[in-house]
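Being a predicted model, the structure only gives us computed values, none of them experimental.
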Amino acid sequence: MKEIIVAQNAPKAIGPYSHATAMNGMIFTSGQIGLDPETGVLAEGVEAQARQTMTNLKNVLKTAGAGMDDVVKTTVFVKDLADFAKVNAIYGSYFEGDFPARSCVQVAALPAGALVEVEAIAFRR
């Protein structure tokens with residue numbers, strides 16, 4: 001049965017979606033951006049947004065009963081691929097040991113004017 005995940009320590013959804021859904025031990029997160037969950041304000045700059053994005057993702061996974069070490073695949077969306085090195089360094093700091101599979105793509109625009117968005121697929125142990 002499908003389980004809807006709503007994290008209290010992540011920004012409220014800005015559309016008709018859940019933070020994540022889980023089924024048969026797999027967790028599928030919606031894309032997270034750099035909104036502060038308390039204020040709803042987007043962090044300033046790509047590095048601050050990348051940190052907040054990854055923290056939001058980590059909090060959604062924790063609510064779902066998983067951690068960053070349970071992530072098997074991520075997709076990273078950036079507004080400007082020239083920011084890849086900055087985003088990559090911050091992204092990498094959220095994982096210990098083996099890294100998940102990943103795609104990274106440049107997009108024309110992201111919700112709320114974000115510069116970075118990350119979604120993940122994880123396995124609940």
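- Shown here is K73, whose NZ atom has more than 12 heavy atoms of other residues, nucleotides or ligands within 6.0 Å.
- Put simply, CD1 on I14 and CG on L35 are 6.0 Å apart, with the number rounded to the nearest 0.5 Å.
- Transitive grouping of hydrophobic side chains (ILVMFWY, heavy atoms separated by less than 4.5 Å) brings V46 and V76 into a common cluster.
- Atoms CZ and CD, on F84 and Q106 in that order, are 12.0 Å from each other to the nearest 0.5 Å.
- Contact of the T63 side chain with the V6 side chain is not registered, since no non-hydrogen atoms from C-beta on lie closer than 4.5 Å.
- Here the closest non-hydrogen pair linking I27 and A66 is CD1-CB, 3.5 Å.
- Separation of atoms NE2 (H19) and CG (L61) is listed at 11.5 Å; rounding is to 0.5 Å.
- Grouping the Ile, Leu, Val, Met, Phe, Trp and Tyr side chains by contacts below 4.5 angstrom, directly or via other members, places V118 with L81.
- Between D80 atom CG and K86 atom NZ the span is 9.0 Å, to the nearest 0.5 Å.
- Minimum heavy-atom separation, F95 to V71: CE2-CB, 4.1 Å.
- Atom CZ in F123 sits 9.5 Å away from atom CG in N24 (nearest 0.5 Å).
- When the side chains of ILVMFWY residues are joined at heavy-atom separations under 4.5 Å, either directly or via intervening members, V105 and L110 end up in a single hydrophobic cluster.
- What you find for A22 and R124 is that their closest heavy atoms are CB-NH2, 3.2 Å.
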* To do: For Y91 and V116, run side-chain contact (heavy atoms from CB on, under 4.5 Å): C-alpha distance rounded to whole Å, both residues' side-chain angles, the deciding distance at 0.1 Å, then the answer.
  => CA-CA 11 Å; Y91 169 94; V116 180; over 6 Å; no
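- What you find for N56 and I33 is that their closest heavy atoms are ND2-O, 2.8 Å.
- Listed for the S18 side chain is no donor-acceptor partner under 3.5 Å among the backbone atoms of I5.
- Without hydrogens or angle criteria, T53 side chain to G34 main chain gives a donor-acceptor distance under 3.5 Å.
- Between E117 and P111, the closest heavy-atom pair is OE1-CD, 3.5 Å.
- As a member of the Ile/Leu/Val/Met/Phe/Trp/Tyr network built from side-chain separations under 4.5 Å, M1 groups with nothing else and remains a singleton.
- The closest donor-acceptor contact from the side chain of R125 to the backbone of D70 lies at 3.5 Å or more, if one exists at all.
- The two atoms that bring Q32 and P11 nearest to each other are OE1-CD, 4.1 Å, heavy atoms only.
- In this structure, the side-chain contact (heavy atoms from CB on, under 4.5 Å) partners of T55, at least two apart in sequence or on a different chain, are Q52, N59, Y94.
- Summarising the geometry, atom CD belonging to Q49 is positioned 10.5 Å from atom CD1 belonging to I90; distances are rounded to the nearest 0.5 Å.
- Here the side chain of T29 pairs a donor or acceptor atom with the backbone of A120 at under 3.5 angstrom.
- When the options E96, K62, M54 are evaluated for a side chain to side chain contact (heavy atoms under 4.5 Å, CB included) with M68, the one that passes is M54.
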